Amino acid sequence: MIVSAAPKAKAPSQDRGQRRVDRLLDAAAYLILIHGAEGLKMDMVAKQAATSPGSLYQFFPNRAALLTALAERYGAEIEAIAQSNVRRQAAAPPDSIEQAARQFLQPFLAFYEANPAYVVLAEASDRVFAGSGYDFGEDDQVALNMRQALQPFVASAHQSRLETVCKLLITTAHATISAAIKLPPVGKLDWLAELDALIIGYLRGLV
């Protein structure tokens, strides 16, 4: 995902170092919810993680490196969810395209709910990562995995459209779920119900 020569995070060489990195990334995620991705300061992260600024800079030379590492951690989790979904559906195939789509997308709802800082970071990505070469490319991987999950149910006449359809649906779902996070519980349920109806209605046209 990184295609520029921007400073990168230093990989920890020991388990203790990895635990420290995880604690710093957790602190950054917590603070992003309060101050936003653009309002995050390195000294805030060190204080929140109860570590010295020197220890923070040992692993992350600047804020861009810290935010990139946090985004990559989220991206790896999202891609792992998508791949796990495909394996689970291969082991226990769904009965319909509706069931396949819902089973594939449900774990992402749980991920977004558990990681609201990812939503904030993704929304600010155009500004925070401008010129760094970082790209939230996990959506493309998720779309490819979704294609694998839905392909058995799609009519041969529509197979050529499936990759584009999955990219469109993942992009739509990403934006809709991000918006739903900010809504009160009742409004969130209504919002997600409409997303479900939109996706299922669209997919039925491919069968």
Side-chain angles (χ1 to χ4, degrees), residues 1-84 107-145 167 170-184 188:
M1 294 181 183
I2 304 299
V3 297
S4 72
K8 298 180 182 179
K10 176 185 174 182
S13 58
Q14 299 179 353
D15 290 344
R16 183 176 61 180
Q18 184 60 58
R19 289 193 295 271
R20 188 177 303 168
V21 165
D22 289 339
R23 189 165 67 248
L24 291 167
L25 293 177
D26 289 343
Y30 173 80
L31 291 167
I32 283 173
L33 294 177
I34 300 173
H35 303 284
E38 295 166 293
L40 185 72
K41 306 294 184 185
M42 295 292 274
D43 60 335
M44 295 178 182
V45 176
K47 183 177 181 180
Q48 180 65 32
T51 190
S52 68
S55 180
L56 171 61
Y57 283 105
Q58 176 187 354
F59 294 104
F60 304 107
N62 55 29
R63 189 185 71 161
L66 175 64
L67 290 176
T68 297
L70 180 60
E72 288 182 333
R73 184 171 76 168
Y74 284 136
E77 291 178 25
I78 288 172
E79 291 181 9
I81 290 170
Q83 292 164 12
S84 175
F108 294 107
L109 294 176
F111 173 84
Y112 274 62
E113 192 72 33
N115 297 282
Y118 171 75
V119 176
V120 176
L121 187 56
E123 288 179 344
S125 62
D126 289 346
R127 301 181 300 276
V128 173
F129 298 112
S132 72
Y134 184 81
D135 176 32
F136 275 68
E138 56 267 18
D139 278 1
D140 290 337
Q141 182 61 50
V142 171
L144 289 175
N145 291 133
K167 287 183 178 180
I170 290 299
T171 300
T172 302
H174 191 153
T176 305
I177 296 170
S178 296
I181 295 297
K182 305 171 185 176
L183 298 175
K188 183 186 300 184

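Everything numeric in this text was worked out from a predicted model, so none of it was measured. FYI, the numbering just counts along the sequence from 1.
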> What is the minimum heavy-atom distance between S178 and V119, and which atoms define it?
Replying inline: CB-CG1, 3.6 Å
> What heavy-atom pair brings L25 and A69 nearest, and what distance separates the two atoms?
Replying inline: CD2-CB, 4.0 Å
> Which residues satisfy the ring-ring contact (aromatic ring centres under 6.0 Å, His included) test with F111, sequence neighbours excluded?
Replying inline: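 Counting only residues at least two positions away or on another chain, F111 forms a ring-ring contact (aromatic ring centres under 6.0 Å, His included) with Y118.
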>> Quick check: do D26 and R73 have side-chain heavy atoms less than 4.5 Å from each other?
In response: yes
>> Given 3.5 Å as the limit, does a donor-acceptor pair link the side chain of S125 with the main chain of A122, or not?
In response: yes
side-chain contact (heavy atoms from CB on, under 4.5 Å) partners of [X], counting only residues at least two apart:
X	value
A37	L121, A124, V128
V120	I32, L33
I34	Y30
S84	R87, R88

> How about Y112 and H174: are their ring centres within less than 6.0 Å of each other?
Replying inline: yes
> Could you give the distance from CD (E79) to CG (D140), rounded to the nearest 0.5 Å?
Replying inline: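 Taking CD in E79 and CG in D140, the distance rounds to 9.5 Å.
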> If you round to the nearest 0.5 Å, how far is CG of L109 from OG1 of T176?
Replying inline: 10.5 Å
Checking [X] now: which residues fulfil side chain to side chain donor-acceptor pair (under 3.5 Å) with it, not counting sequence neighbours?
X	result
E38	R127
K167	none
N115	none
Y74	none

>> I'd like to know whether V21 forms a side chain to side chain contact (heavy atoms under 4.5 Å, CB included) with F60, so could you lay out the CA-CA distance, the side-chain angles of the two residues, the decisive distance to 0.1 Å, and finally the verdict.
In response: CA-CA 9 Å; V21 165; F60 304 107; 3.9 Å; yes
>> Using the salt bridge (Lys or Arg N to Asp or Glu O under 4.0 Å) criterion, which residues pair with E123? Sequence neighbours excluded.
In response: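 Listed in chain order: K182.
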Solution key, residues 39-54 side-chain donor-acceptor pairs under 3.5 Å, sequence neighbours excluded:
unit_1	atom_1	unit_2	atom_2	d
T51	OG1	S55	OG	3.3
S52	OG	S55	N	3.1

>> Taking side-chain hydrogen bond (donor to acceptor under 3.5 Å, both in side chains) as the criterion, tell me which of R19, Q18, R20 meets it with D22.
In response: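 Exactly one option meets the side-chain hydrogen bond (donor to acceptor under 3.5 Å, both in side chains) with D22, and it is Q18.
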